[in-house]
Amino acid sequence: MKGLNVDLFDPRSTMDADFSPGGGAERPIEPRHGSGSDSDFAFAFNDSNFSDRVLRVEILPDLPDSKSDPDGCTTIADWARNRKRRREEIRKENAAEIMQREEQVLSCNMPDTDDILAYENQDEEAIAMVEESTGIGMSSIQLGDGSTENNDSSTNMDCSTVLHVRTIHISSPILAAKSPFFYKLFSNGMRESEQRQVTLRIHASEEAALMDLLNFMYSNSLSTTMPSALLDVLMAADKYEVASCMRYCSRLLRNLPMTCESALLYLDLPSSVLMGDAVQPLTDAAKQFLAARYKDITKFQDDVLNLPLAGVEAVLSSDDLQVASEDAVYDFVLKWARIHYPKLEERRDILGARLARLIRFPYMTCRKLKKVLTCNDFDRELASNVVLDALFFKAEAPYRQRSLVAEESNASYRRFVERAYKYRPVKVVEFELPRQQCIVYLDLKREECANLFPAGRIYSQAFHLGGQGFFLSAHCNMDQQSSFHCFGLFLGMQEKGSVSFAVDYEFASRSKPTEEYTSKYKGNYTFTGGKAVGYRNLFGVPWTAFVADDSPYFINGILHLRAELTIKQ
């Protein structure tokens, strides 16, 4: 029930519950931080004068090899190792318990309903909790790890294993207002909801987190600032559905120095609905940290290859990824998938479900798109779909391309948004007859051109003519005659053997007021590998005039360049 998932003392509760009193428009309210708010009931915690119930917490021994060391679990790494080991042990224990229960069901009769005090969660969650009456066995809940232990003959958690018991005076209205879990417990209309004493069973390593959580439900503040302790409280708050505490822990963790280790851990937190909503700012911050940390994927390629799936998704989802071209992203994704998923069937599944959406196929070259169609790592239907989408996007008119980009502005995975490629994408039209010829279109943003000053260069992606690879390069250089900076455009041939290649070429650009392409320079050159030719001052004006606000060469902030290449007969 969505309406129950509300902290009645949390100023954000009206937004969380998706309603506003009086039916008017909601006004965003900032959550209160700490205990200075009007919902501070710290004075009432564990005070019998302000309580109507008693919470009896039975502390059980930790699972083997998973005991928490207060002095040794102060870092994110320690927390992660202990938590992972604890989850593995509990899974094994639960598997054995389930088998025992199945055997018991076959060998016993249905008990009389009057003897059953087990409280069943209305949302069918795997959590059981009952309230105690004298002489009747108790169920228990384990905090933060999802397992449930019952005090019956089929389990190894009998009363003899209890290390110690903590008795706490609680106010059921306060706990119910903070937590849908306690609200349902105290108002389910069954006999145990009217009893005074409530019993919980937890492991020893979970005791501190539960105490901190209960304190928070009264005071809206936490005394701990250690990241490992905050994570334990966060997990406890998730289990007991205390959304305000989850947001509070998330905010504190977000304000702590981020590391690659902690960022990956935050991305690996349980994906429950409540958890996902409350820690979204934390996971967003973790993704941004990883994306910025590994922005230059070429420099950190080995590190990124060792990242888990969530880390790779965070890095490759970034628009600011510094990479030579989208072809390089495609090659990297395949390399990562082959390392982490050596089995072809598993690799195809992960590429189809998670990794293919990280690749922006519309910005790959046509030559590489052809390889996608024949790549055995991709499902044939998926490969056909992504290549067709890419080709259709390339063929769209510019205004339609801009519309598709705008539609994805808030999407998690953006197929049509161009990254900050080292080699700028180009559009190429090729002709075989009557002569081998290609027309290449290169668009540059005003800010990209401005950043070239005083001696920068921008290179285009490679394109091909007559079996040879060529590229365009835009320069800010010094005019040799007039001694001022100016914009230059050059044509180069990629180094490939000692082949000589004679080419006629022409550079053109759009300019106001006609916005038509106008020829700026013509020439011919016999290329050999690695050589480039062009014009140092394409527009015949100083740099300041070229980038000025009233420059006729930028149309809506874009410089449109065209190069026409023809093989000489």
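Along the sequence shown, the residues carry numbers beginning at 1. Side chains included, hydrogens not; waters and symmetry mates left out as well; all remaining heavy atoms used.
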Quiz item: Any idea how Y330 and F378 line up, ring-wise: parallel (<30°), tilted (30 to 60°), or perpendicular (>60°)?
Solution: parallel

Quiz item: Should the pair F527 and Y525 be assigned to parallel (<30°), tilted (30 to 60°) or perpendicular (>60°) ring geometry?
Solution: perpendicular

Practice problem: Name all pairs fulfilling the ring pair (Phe, Tyr, Trp, His ring centres under 6.0 Å) condition that reach into residues 423-444, sequence neighbours left out, sorted by first residue then second. | Solution: Y441-Y517

Quiz item: Got a sec, which pairs hit ring pair (Phe, Tyr, Trp, His ring centres under 6.0 Å) with one end in residues 386-411, sequence neighbours left out?
Solution: Y363-F393, F393-F416

Heavy atoms only: give me the nearest [X]-[Y] pair and the separation to one decimal.
X    : Y    : result
N537 : G540 : OD1-N, 2.9 Å
A278 : M246 : CB-CB, 3.6 Å
V547 : R446 : O-NH1, 3.1 Å
H560 : I555 : NE2-O, 4.2 Å
R536 : C486 : O-SG, 3.3 Å
S318 : A291 : CB-CB, 3.9 Å

Quiz item: With distance as the sole test, does T374 use its side chain to make a donor-acceptor pair with the main-chain N or O of K371 at under 3.5 Å?
Solution: yes

Quiz item: Under 3.5 Å, side chain of R348 to main-chain N/O of E345, donor-acceptor pair present?
Solution: no

Exercise. Please lay out, stage by stage, how L334 and L351 fare under the test side chain to side chain contact (heavy atoms under 4.5 Å, CB included).
Key: CA-CA 9 Å; L334 279 185; L351 282 168; 4.3 Å; yes

Quiz item: Does the side chain of Q288 come under 3.5 Å of the side chain of D284 through a donor N or O and an acceptor N or O?
Solution: no

Quiz prompt | ring pair (Phe, Tyr, Trp, His ring centres under 6.0 Å) between F471 and F463, intermediate numbers included | solution = CA-CA 6 Å; F471 63 89; F463 52 91; 8.3 Å; no

Quiz item: Going through the distances and angles, do Q494 and Q468 end up as a side-chain hydrogen bond (donor to acceptor under 3.5 Å, both in side chains)?
Solution: CA-CA 7 Å; Q494 293 180 318; Q468 297 298 315; over 6 Å; no

Between [Y] and [X], is there a salt bridge with N-O shorter than 4.0 Å?
X    : Y    : answer
R360 : E418 : no
D443 : R424 : no
R338 : D377 : yes
E506 : K520 : no

Practice problem: Count the heavy atoms belonging to other residues, nucleotides or ligands that lie under 6.0 Å from NZ of K368, then report whether that count exceeds 12. | Solution: yes

Self-check item: Distance flag, aromatic centroids of F546 and F554, threshold under 6.0 Å
Solution: yes

Quiz item: Between F539 and F487, does the ring centroid distance fall short of 6.0 Å?
Solution: yes

Quiz item: Of the options T566, I567, V428, which is the one that meets L465 in a side chain to side chain contact (heavy atoms under 4.5 Å, CB included)?
Solution: I567

Quiz prompt | Six-ring centre of Y553, R510 cation under 6.0 angstrom, axis tolerance 45° | solution = no

